[in-house]
Novice: 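This is the structure, below, for whatever I ask next.
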Amino acid sequence: MNFYVMTLFPDMVLNGLRTSITGRAMERGILNIEAINIRDYTLDRHLHVDDAPYGGGAGMVMQPEPIWRAYEALRERIGRKPRVLYMTPQGQVFRQEIARQLSGEEDLVFLCGHYEGVDERVLEMIVTDYLSIGDYVLTGGELPAMVMIDCISRLVPGVLNNQDSAEIESFHDNLLEYPQYTRPETFMGRRVPEVLLSGHHANIDMWRRQQSLRRTAERRPDLLTGANLTAEDRAFLKTCCLDQTEKKSL
Ligand code: 9D3
């Protein structure tokens, strides 16, 4: 899969993604992540890429021409019209379901804005999707693009190892994960829960399910609405955390 990030800060994006799992996938040729420096496409002799807003107001607006020229060069090189995702706090909030859909594309272009924004005309001409990562204010679209690339990458076949990939497929019921423990059995006086040392797999599975249910009720009660709960699950929730279950009318 090919990711193209149109940005004024190409090093920021590449330095962040060449580490860890995405970096390994790039080395192995499963992912191609390119940063396209918008400044390389300016025709301004001082290499300016922004100017004051028409109508007045504070700050600077990114000009349409360098962005359009960068896009056209890319479109000609790859020989097709890719989906172009504009990173903007005004976009649809990115979720796992959107990542799943986008992971089916061969090419994705991320357009990162800075300053007070991007000239509206070039957005109308090239953008196919407007996406945000949540309701808080950042300084630009680079971190959102990196977040989305990280998230989409792990859905691309071959990027994760087999064991981690299997987890993506498995049915998680919209619940939070149960707590994990490893050696030693006692750490600063705290024991690992006895059931996990028992070797009794049915009991371990039940304990883990109950931990997931309790944890979700306590930390993310909003998720329980969409969870696929058995009669046994509901009965357990009533005994362990009545407050939350009443709220969600289980
Ligand atoms: C003139 C600046 N703002 C008015 C309050 C609007 C604004 C525009 C651009 C605020 C921040 C930014 C920079 N942010 C992004 O480009 C961005 C972003 C974000 O800030 N939060 C969540 N998702 C995203 S995606 C792109």
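Nothing here was measured: the structure is a model prediction, and the numbers come from that model. Computed from heavy atoms alone, side chains included, the values below leave out hydrogens, waters and symmetry copies. Counting starts at 1 for both ligands and their atoms, in listed order.
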Novice: Show me, pair by pair, the donor-acceptor contacts under 3.5 angstrom made by side chains of residues 130-139, not counting sequence neighbours?
Specialist:
unit_1: S132; atom_1: OG; unit_2: G134; atom_2: N; d: 3.0
unit_1: S132; atom_1: OG; unit_2: G134; atom_2: O; d: 3.3
unit_1: Y136; atom_1: OH; unit_2: I133; atom_2: O; d: 3.0

Novice: Can you list everything that forms a side chain to side chain donor-acceptor pair (under 3.5 Å) with R18? Sequence neighbours excluded, please.
Specialist: N15
Novice: List by chain and number: which residues place a heavy atom under 4.0 Å from ligand 1?
Specialist: M87, T88, P89, E116, L131, S132, I133, G134, Y136, V137, L138, T139, G140, G141, P144
Novice: Is it true that E97 and R100 make a salt bridge, defined as a side-chain N closer than 4.0 Å to a carboxylate O?
Specialist: yes
Novice: Given side-chain contact (heavy atoms from CB on, under 4.5 Å), test F3 with F110 step by step and report yes or no.
Specialist: CA-CA 8 Å; F3 296 103; F110 294 79; 3.5 Å; yes
Novice: Does a salt bridge link D40 with R69, judged by any charged N lying under 4.0 Å from a carboxylate O?
Specialist: no
Novice: Enumerate the residue pairs fulfilling salt bridge (Lys or Arg N to Asp or Glu O under 4.0 Å) with a member in residues 70-84, sequence neighbours excluded, ordered by first and then second residue.
Specialist: E34-R77, E72-R75, R80-D107, R83-E105, R83-D129
